[in-house]
2 protein chains.
Amino acid sequence: MVLVMKVRQLTFRLLQVYADVVRTGSLTATANRLHLTQPTVSQQLKRLREIVGEPIVRQEEGRVVPTEVGQSLYQLSQDLLSRADVFSQYLDEYNSGGRGRFSIGLVNTAQYVLPRLLGPFSQANPQVDVTVEVGNRQQMLNRFERHEDDIYVFSHPPTDNAVLAAPFLSNPLVVVGPEHCRWAGVKDLTMESLKNERFLLREPGSATRRTFDAWLYSTGIELRSTQQIASNEAIRLAVASGMGLAVLSRHVVADSPNGVQKLPLQGFPLKSRWHFVVRRERRLPPAAYRFLSFVQGSLTQAFDEPEGEMAVAELLQVLKAER
Amino acid sequence: MVLVMKVRQLTFRLLQVYADVVRTGSLTATANRLHLTQPTVSQQLKRLREIVGEPIVRQEEGRVVPTEVGQSLYQLSQDLLSRADVFSQYLDEYNSGGRGRFSIGLVNTAQYVLPRLLGPFSQANPQVDVTVEVGNRQQMLNRFERHEDDIYVFSHPPTDNAVLAAPFLSNPLVVVGPEHCRWAGVKDLTMESLKNERFLLREPGSATRRTFDAWLYSTGIELRSTQQIASNEAIRLAVASGMGLAVLSRHVVADSPNGVQKLPLQGFPLKSRWHFVVRRERRLPPAAYRFLSFVQGSLTQAFDEPEGEMAVAELLQVLKAER
DNA sequence: TACAGTCATAGATAATTATCTATGGTATTG
DNA sequence: CAATACCATAGATAATTATCTATGACTGTA
């Protein structure tokens with residue numbers, strides 16, 4: 001016999017109107033406040049009563065007051081409406097990028113500099129969750145293919161029409177040797193001189209390795225002795241302990257140069273630049289967009305890279321247009 | 001630029017459907033479960049997305065999964081729906097009378113016996129709030145006129161077509177004197193003998209007083225000395241201390257007879273009965289109805305009043321029919 | 001008692017919603 | 001790669017909702 005409330009017909013509009021009626025104690029007043037006519041409000045109430053299956057208001061001394069059930073319904077309304085409101089605010093924040101999450105995929109080397117951008121950003125946007133994925137070029141390409149992240153940092157972006165790339169920071173590759181390396185003071189140092197040195201190299205999937213390999217190929221020189229080490233940091237330490245020479249991003253060395261030094265090899269530093277890479281068709285999470293805007297505004301200050309700033313600005317332009 | 005969610009268009013139905021889609025991860029499945037067609041579900045989702053202003057689901061490996069916003073929306077849905085559900089349960093309880101409130105207005109004397117009904121009822125229905133109002137007959141009549149309570153207990157119900165009354169308990173009025181009263185052992189004690197005694201009487205508004213007055217009037221006797229005291233309890237104590245005789249409900253005396261005794265006055269006890277009184281047109285709160293049902297089931301046991309039980313049963317019949 | 005103010009109901013209409021069937025595009029899976 | 005399963009869109013329709021204007025009923029006050 002007991003009929004439960006017809007929840008499915010319940011509308012937030014109805015609750016809004018009802019809550020206002022309870023607050024004002026008058027249908028007419030509510031009608032005015034909500035820019036409706038009095039009969040409209042009257043009927044809304046009627047409908048709500050039908051949904052609830054129980055009288056919710058009665059008149060008492062010229063005022064409309066909730067019945068006992070109406071009281072509970074009013075509390076419910078307040079509760080539900082305010083929750084919906086909180087969600088609405090969340091949406092706003094989300095849309096502004098001030099809240100939410102995004103993920104960024106970094107090529108190994110880039111992890112030495114990205115913190116200088118991500119740190120301040122997170123500081124300024126504590127409600128944003130950033131997931132940082134790190135791997136070598138090949139691993140990142142795989143992630144990229146699978147659409148696993150929102151933004152990527154490559155030094156050589158995949159060539160794809162659907163891709164937008166903005167070079168934002170130069171990433172010079174330098175040759176380094178141990179602290180008291182005998183090549184350090186040599187003028188006009190050539191690769192020819194170094195070809196018998198042992199080179200500690202990153203694995204083939206890495207961008208640093210590829211760039212160096214390409215340059216080496218262009219010189220026609222072949223190295224006699226190499227050793228492969230899959231981590232920049234490990235390479236740096238190995239060089240410092242005299243195991244050989246290496247080609248590394250200047251950022252890797254600049255970060256903590258103890259024990260190693262740059263060698264003035266001709267043709268170096270090899271120029272290369274990191275790019276922010278995003279997919280055209282992918283709608284960036286607002287938080288990711290906000291990060292790029294943030295970067296755009298701090299590149300010059302943080303790295304003295306006005307060109308990078310412009311490139312990122314351009315990227316943002318395009319993204320905005322595509323939205 | 002930021003568009004807040006169109007809350008007013010939000011429907012619980014939409015949230016129900018959405019929540020189910022998130023749970024099943026499939027529009028088709030939801031369509032089946034909710035006895036809809038797949039396109040219907042599809043369109044519901046679309047509409048919800050428009051209300052939210054943001055994509056809420058995407059497809060991933062053949063499953064429908066919520067976006068970040070969708071996740072939040074799902075949580076919101078769960079939250080809102082469960083709250084509505086709680087309210088719905090509350091409604092059920094309210095309708096069954098197992099929860100809620102009602103008020104009952106008692107004529108003074110009745111407060112000596114009603115607790116024996118209200119106590120067990122409250123015990124059995126802890127979620128029901130009972131408000132007990134107590135006053136003399138006149139005060140209760142005033143409350144009755146103003147529709148202030150749900151149920152009243154009178155010994156002489158107001159005569160009004162719109163009133164339903166069920167006599168449920170006899171309320172004999174007895175004459176009492178102090179413990180060692182000289183009239184105690186007298187046979188064929190008449191009022192004539194007592195007319196020079198001082199009588200301690202309730203105020204004119206009280207039912208006890210009116211009943212006694214009426215009876216006294218029928219005897220043609222006038223009392224020489226009376227004193228008015230507005231409380232049964234105070235009268236009982238006054239009698240015990242030898243200040244005079246009194247007419248009281250037997251229930252008042254039975255409760256704690258210390259210091260007083262009944263006198264075997266001819267014509268006494270005066271018969272009278274308490275009635276439950278409700279207004280015909282007033283829809284009784286379910287809790288009040290439940291109380292009367294409860295009473296109906298316990299009168300015989302508690303007071304050995306099968307007639308009262310029948311009268312109350314009849315009252316309930318009528319109320320049920322009028323609902 | 002007549003007047004104001006307030007709520008309810010009736011009747012009408014435009015807008016929105018809830019659904020369906022049919023069909024087309026895509027992704028998953030043998 | 002064909003078959004299958006699944007989702008989106010179109011087009012159509014019935015039902016419901018949101019409103020309005022007009023009017024009636026009731027209530028409390030001048």
Side-chain angles (χ1 to χ4, degrees), chain A residues 5-53 55-67 70 145-147 162 281-283, chain B residues 5-53 55-67 70 145-147 162 281-283:
Chain A
M5 180 172 61
K6 296 167 186 162
V7 184
R8 60 165 55 188
Q9 294 182 44
L10 199 51
T11 296
F12 278 78
R13 177 57 165 174
L14 242 34
L15 296 180
Q16 284 177 334
V17 172
Y18 175 64
D20 197 83
V21 168
V22 172
R23 264 180 246 117
T24 62
S26 149
L27 305 215
T28 308
T30 290
N32 293 331
R33 290 159 54 99
L34 304 188
H35 308 293
L36 298 169
T37 61
Q38 170 267 311
T40 299
V41 176
S42 186
Q43 187 169 293
Q44 300 281 53
L45 276 191
K46 187 177 178 184
R47 212 154 66 76
L48 187 55
R49 173 172 67 237
E50 280 159 6
I51 289 171
V52 171
I56 53 181
V57 294
R58 65 168 179 280
Q59 270 158 261
E60 202 166 80
E61 299 161 21
R63 292 184 61 75
V64 176
V65 298
T67 60
E145 286 308 325
R146 289 193 297 260
H147 295 57
E281 78 277 18
R282 182 179 186 119
R283 219 179 74 106
Chain B
M5 178 173 62
K6 297 167 187 162
V7 184
R8 61 166 58 186
Q9 294 182 43
L10 199 52
T11 297
F12 278 78
R13 177 57 164 174
L14 242 33
L15 296 180
Q16 284 177 334
V17 173
Y18 175 64
D20 197 82
V21 168
V22 173
R23 263 180 248 118
T24 61
S26 149
L27 306 214
T28 307
T30 291
N32 294 332
R33 289 158 55 99
L34 304 188
H35 307 294
L36 299 169
T37 61
Q38 171 267 311
T40 299
V41 176
S42 187
Q43 187 169 293
Q44 299 281 52
L45 276 191
K46 188 177 179 184
R47 211 154 68 75
L48 187 54
R49 172 171 68 237
E50 280 158 8
I51 289 172
V52 171
I56 53 180
V57 293
R58 66 168 179 279
Q59 270 160 260
E60 203 166 79
E61 298 161 21
R63 291 184 63 74
V64 176
V65 299
T67 60
E145 286 310 322
R146 290 193 296 261
H147 296 56
E281 80 276 20
R282 183 178 186 119
R283 220 180 72 107

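Naming: A, B, ... by sequence-line order, numbering from 1 per chain. We use all heavy atoms of the structure for the numbers below, so side chains are in, but hydrogens, waters and symmetry mates are not.
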Q) How many Å lie between CG on A:Leu14 and C1' on D:dT17, as a whole number? A) 10 Å
Q | Protein-nucleotide distance (A:Arg58, atom CZ; C:dA8, atom C1'), rounded to Å | A | 18 Å
Q: Ignoring the backbone of A:Leu36, work out which of D:dT19, D:dT17, D:dA8 is nearest its side chain.
A: D:dT19
Q: Identify the heavy atoms of A:Thr24 and A:Arg63 that sit nearest to each other, and give their distance.
A: O-NH2, 3.3 Å
(Q) As a test of reading the structure: which of C:dC7, D:dA8, C:dT19 is closest to the side chain of A:Thr28, going by heavy atoms? (A) C:dC7
Q. Rounded to whole angstroms, how far apart are CD on B:Glu60 and P on D:dC7?
A. 14 Å
(Q) For A:Phe12 versus B:Val7, what's the shortest heavy-atom pair and its separation? (A) CB-O, 3.4 Å
Q.
Of the options D:dT19, D:dT9, C:dT17, whose atoms approach the side-chain atoms of B:Lys46 most closely?
A. D:dT9
Q.
I need the CD-P distance between B:Gln16 and C:dT19, as an integer number of Å.
A. 11 Å
Q.
Measuring from the side chain of A:Ser42 (C-beta onward, heavy atoms only), which nucleotide among C:dT19, C:dT9, C:dT28 has the closest atom?
A. C:dT9
**Q.** Selected nucleotide, minimal atom distance to B:Gln44 side chain, candidates C:dA18, D:dA18, C:dA8
**A.** C:dA18
Q.
Which heavy atom of B:Arg33 sits nearest to which heavy atom of B:Asp20, and what is that distance?
A. NH2-OD1, 2.8 Å
Q | Length of the CG-C1' vector between B:Leu27 and C:dG25, whole Å | A | 15 Å
(Q) Once you apply a heavy-atom cut-off of 4.0 Å, does A:Val64 come out as touching a base, just sugar-phosphate, or nothing? (A) sugar-phosphate
Q) Where each residue is assigned the nucleotide of DNA chain C containing its nearest heavy atom, which of B:Gln38 and A:Arg8 is assigned the position nearer the 5′ end? A) A:Arg8
Q: Would you kindly give the CG-to-C1' distance between B:Leu45 and C:dT17, to the nearest whole Å?
A: 15 Å
**Q.** Phosphate-side-chain proximity, B:Thr37 and C:dC20, N/O vs OP1/OP2 below 4.0 Å
**A.** yes
**Q.** Per B:Arg47 side chain, nearest of listed nucleotides C:dA18, C:dT19, D:dT19
**A.** C:dA18
Q: Quick one: label B:Glu61 by what it contacts on the DNA or RNA (base, sugar-phosphate, nothing), any heavy atom closer than 4.0 Å.
A: sugar-phosphate
Q) If every non-hydrogen atom of B:Val65 is compared with every non-hydrogen atom of B:Glu60, which pair is closest and at what distance? A) CG2-CB, 3.9 Å
**Q.** Rounded interatomic separation in angstrom, taking CD from A:Gln43 and C1' from C:dA12
**A.** 12 Å
Q. Given D:dA18, C:dA22, C:dA8, which nucleotide is nearest the side-chain atoms of B:Pro39?
A. C:dA22
Q) What is the nucleic acid contact for B:Gln9, judged by heavy atoms within less than 4.0 Å: base, sugar-phosphate only, or nothing? A) sugar-phosphate
(Q) Could you tell me how far apart B:His35 (NE2) and C:dA18 (C1') are, to the nearest whole angstrom? (A) 16 Å
Q) Would you say C:dC20 has OP1 or OP2 under 4.0 Å from some side-chain N or O of B:Thr40? A) yes
Q) Between A:Leu48 and A:Thr11, is any pair of side-chain heavy atoms under 4.5 Å apart? A) no
Q. Looking at the side chain of B:Ser26, which of C:dT19, D:dC7, D:dT19 is the nearest nucleotide?
A. D:dC7
Q) What is the nucleic acid contact for A:Thr11, judged by heavy atoms within less than 4.0 Å: base, sugar-phosphate only, or nothing? A) nothing
Q.
Tell me if the CZ atom of B:Arg23 is crowded by more than 12 foreign heavy atoms within 6.0 Å.
A. yes
